[in-house]
Amino acid sequence: MAALVEAFANLYPNTMVKTTTPTNCRPVSPQVARDEMGNFFGAYTHTWTKSDVKFWDRAKIYGQLLKANKTQAAKVAGQLSYFSKYPEDYCDFWYGHLENPMGRSGGIELSDLGRVVLNKSWQIQSLWFCQSAQVFTSPLSINTISTQDTMYASIGWQRGSLDESKADALGPLLLETLKNYIHDY
């Protein structure tokens, strides 16, 4: 996330950005049986501003915040049901975000499936996943997955939500940012 925010800041300087990271809530949901199938997710949202904190320190701090807020993130999903007047309150909530930068409530979503470790009977050359463009929350979605020593990323956005030339430039800039800092690790 730190590299993504830095790459984004190069395209949109002096812009505060809100990021969202989907979280696996199964470990923090004791009422969910281990063998129960389902999509138990939450979302951790963080607002980033310009900072003098070094890259790896920023990445470490974000990881700590993500871990510390996992239980709170589990409470985020499904809160739309708490509107007292439906559909009026829902519509007010939806249209109220149109005044935000980029016309959304958020900025960037990074969804990481993590590292896939396979047994020896399988061989995968590459692995990709992508979600649909977010209509409401984040105008920019990055989906990542890793196999062995390689991370794959897909970048998605909805036409009209971002300057298309900047959205096209994000992938190469993200890769360049990662390469610049990987040597410091």
Side-chain angles (χ1 to χ4, degrees), residues 1-24 27 41-70 73 100-120 122-135 137-185:
M1 184 63 84
L4 179 57
V5 169
E6 185 167 320
F8 187 84
N10 284 321
L11 294 172
Y12 291 93
N14 302 316
T15 301
M16 177 177 61
V17 66
K18 187 190 306 184
T19 60
T20 302
T21 303
T23 60
N24 174 9
F41 70 95
Y44 172 65
T45 300
H46 184 77
T47 301
W48 299 75
T49 56
K50 190 171 180 156
S51 171
D52 292 329
V53 177
K54 293 185 185 220
F55 175 81
W56 288 111
D57 292 334
R58 203 169 48 238
K60 183 178 177 181
I61 289 167
Y62 186 74
Q64 291 168 342
L65 288 169
L66 188 60
K67 186 176 182 180
N69 287 286
K70 200 168 229 191
N100 291 331
M102 297 181 214
R104 305 293 205 301
S105 66
I108 302 171
E109 177 183 5
L110 172 63
S111 184
D112 181 16
L113 283 182
R115 185 173 180 199
V116 175
V117 179
L118 303 169
N119 61 35
K120 295 184 188 245
W122 284 75
Q123 283 190 335
I124 293 180
Q125 292 178 338
S126 62
L127 185 61
W128 300 88
F129 89 100
C130 186
Q131 300 176 52
S132 61
Q134 305 290 339
V135 175
T137 53
S138 301
L140 183 63
S141 295
I142 291 79
N143 302 280
T144 59
I145 190 166
S146 299
T147 58
Q148 296 180 6
D149 62 347
T150 305
M151 181 181 80
Y152 298 90
S154 60
I155 300 174
W157 70 93
Q158 196 168 24
R159 187 175 292 142
S161 63
L162 296 171
D163 176 330
E164 203 159 321
S165 66
K166 290 182 179 185
D168 285 339
L170 183 65
L173 190 54
L174 175 58
L175 187 58
E176 180 183 322
T177 302
L178 288 168
K179 284 179 180 178
N180 286 340
Y181 289 113
I182 202 73
H183 299 291
D184 296 341
Y185 188 66

Novice: If I take atom OG1 from residue Thr20 and atom OH from residue Tyr44, how far apart are they, to the nearest 0.5 angstrom?
Specialist: 10.5 Å

Novice: Between NZ of Lys50 and OG1 of Thr15, what distance do you get to the nearest 0.5 Å?
Specialist: 10.5 Å

Novice: Specify the closest pair of heavy atoms between Ala73 and Thr23, including all atoms of both residues, with the distance to one decimal.
Specialist: CB-OG1, 3.6 Å

Novice: Rounded to the nearest 0.5 Å, what separates atom CZ in Arg58 from atom CG in Asp52?
Specialist: 9.5 Å

Novice: How long is the straight-line distance from NZ of Lys18 back to OG1 of Thr47, given to the nearest 0.5 Å?
Specialist: 6.0 Å

Novice: Classify the angle between the aromatic ring planes of Phe55 and Tyr181 as parallel (below 30°), tilted (30 to 60°) or perpendicular (above 60°).
Specialist: parallel

Novice: What is the minimum heavy-atom distance between Leu173 and Ala7, and which atoms define it?
Specialist: CD2-O, 3.2 Å

Novice: Would you check, one step at a time, whether the test side-chain contact (heavy atoms from CB on, under 4.5 Å) holds for Thr45 with Asn69?
Specialist: CA-CA 9 Å; Thr45 300; Asn69 287 286; over 6 Å; no

Novice: Trp48 and Ala2: which non-hydrogen atoms are nearest, and at how many Å?
Specialist: CH2-CA, 4.5 Å

Novice: Within the 4.5 Å heavy-atom criterion, are Leu4 and Leu170 side-chain neighbours or not?
Specialist: yes

Novice: Could you tell me if the side chain of Met1 sits less than 4.5 Å from the side chain of His46, heavy atoms only?
Specialist: no

Novice: To the nearest 0.5 Å, tell me how far Glu6 CD sits from Glu176 CD.
Specialist: 10.0 Å

Novice: Nearest 0.5 Å please: distance from the CD1 atom of Ile61 over to the CG atom of Asp57.
Specialist: 6.0 Å

Novice: If we only count heavy atoms from C-beta on, is the Phe8 to Thr19 side-chain gap below 4.5 Å?
Specialist: no

Novice: Taking all non-hydrogen atoms of both residues, which atom of Ala153 and which atom of Thr144 are closest, and how far apart?
Specialist: CB-CG2, 3.7 Å

